[in-house]
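Everything on this sheet refers to the single structure shown next.
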Amino acid sequence: MPDDRRKRVDATTLTGVPATMMWTLRNRAVEAARPDTAFADPLAVGLYGTLDYPYENFGKPSQSHALRAQAFDDEIRAFLAGHPGGTVVALGEGLQTSYWRIGDPDIRWLSIDLPEVVALRRQLLPDEPNVTTLVVSALDRTTD
């Protein structure tokens, strides 16, 4: 799956909660790369091929995160059908690629995540005018 022409990105320093995004990314990418899949996520496949990380720490890949992502995508699309141009708030988004899978040019997307996660997202994912990113823990209750 890795493409040797791409610049490799070291993600091996991620630990704790931020490291869990690597688990979900791997599972989505492995499922999306299967020839018989019904889950299309080429951006996840590309990210997976770019990141150096000890994915084997998570055990065998499973379809769990791809199925969950598809369920969320379906709910977002249903919401947008009734609320064109609506806003999606993605808490702890990690390396989710939902915004691109949804593909709605009118959607407004608010991505909230920890500093090390946002730094990696900004390095790897395309900048989008409809995506606003907040660098904060979803558990932070301060009102500054």
Over all heavy atoms of both residues, which pair between Ala29 and Val45 is shortest? Give the atoms and the distance, please.
-> O-CG2, 3.6 Å

Side-chain donor/acceptor of Asp52 to backbone N/O of Ala11, under 3.5 Å | no

Got a salt bridge between Arg101 and Asp41, using NZ or NE/NH1/NH2 to carboxylate O under 4.0 Å?
-> yes

Which of parallel (below 30°), tilted (30 to 60°) and perpendicular (above 60°) describes Tyr53 and Phe58?
-> parallel

So does Trp109 have more than 12 non-hydrogen atoms from other groups sitting under 6.0 Å from CH2?
-> yes

In terms of heavy-atom contacts, Glu116 and Pro18 come closest through OE2-CG, 3.2 Å

Verify, without hydrogens or angle tests, whether Asn130 (side chain) and Ile107 (backbone) share a donor-acceptor contact under 3.5 angstrom.
-> yes

Taking the side chain as every heavy atom from C-beta outward, state whether Val131 and Thr133 have any atom pair closer than 4.5 Å.
-> yes

Report yes if the side chains of Ile102 and Arg77 come closer than 4.5 Å at any heavy-atom pair, otherwise no.
-> yes

Report yes if some heavy atom in the side chain of Arg8 is under 4.5 Å from a heavy atom in the side chain of Leu51; otherwise report no.
-> no

Is the number of heavy atoms from other residues, nucleotides or ligands within 6.0 Å of CG (Asp127) greater than 12?
-> no

Taking a hydrophobic cluster as the set of Ile, Leu, Val, Met, Phe, Trp and Tyr residues connected by side-chain heavy atoms closer than 4.5 Å, whether directly or through intermediates, do Leu67 and Tyr48 fall within one such cluster?
-> no

Starting at OG1 of Thr24, measure out to NE2 of His65 and round the result to the nearest 0.5 Å.
-> 5.5 Å

Between Val117 and Met21, is any pair of side-chain heavy atoms under 4.5 Å apart?
-> yes

Do Pro126 and Trp100 come close enough that some side-chain heavy atom pair is under 4.5 Å?
-> yes

Smallest separation among heavy atoms of Leu25 and Ala44, with atom names | CD1-O, 3.6 Å

Can you find a heavy atom in the side chain of Leu124 that is under 4.5 Å from one in the side chain of Val9?
-> yes

Would you say the side-chain atoms of Arg28 and Thr97 include a donor-acceptor pair closer than 3.5 Å?
-> yes

Donor-acceptor under 3.5 Å (Asp113 side chain, Leu91 main chain) | no

Which heavy atom of Arg108 sits nearest a heavy atom of Gly85, and at what distance?
-> NH2-O, 2.9 Å

Atom of Asn27, atom of Ser64 and distance for their closest heavy-atom approach | ND2-OG, 4.0 Å

Residue pair Glu31, Arg34: steps toward the salt bridge (charged side-chain N to carboxylate O under 4.0 Å, His left out) verdict | CA-CA 5 Å; Glu31 178 59 28; Arg34 287 175 26 153; 3.6 Å; yes

Asp73 side, atom CG; Phe39 side, atom CZ - distance, nearest 0.5 Å = 6.5 Å

Above 12 or not: heavy atoms from other molecules or residues under 6.0 Å from CZ of Phe72?
-> no

Please round to the nearest 0.5 Å and tell me the distance separating atom CZ of Arg121 and atom CG of Leu125.
-> 5.0 Å

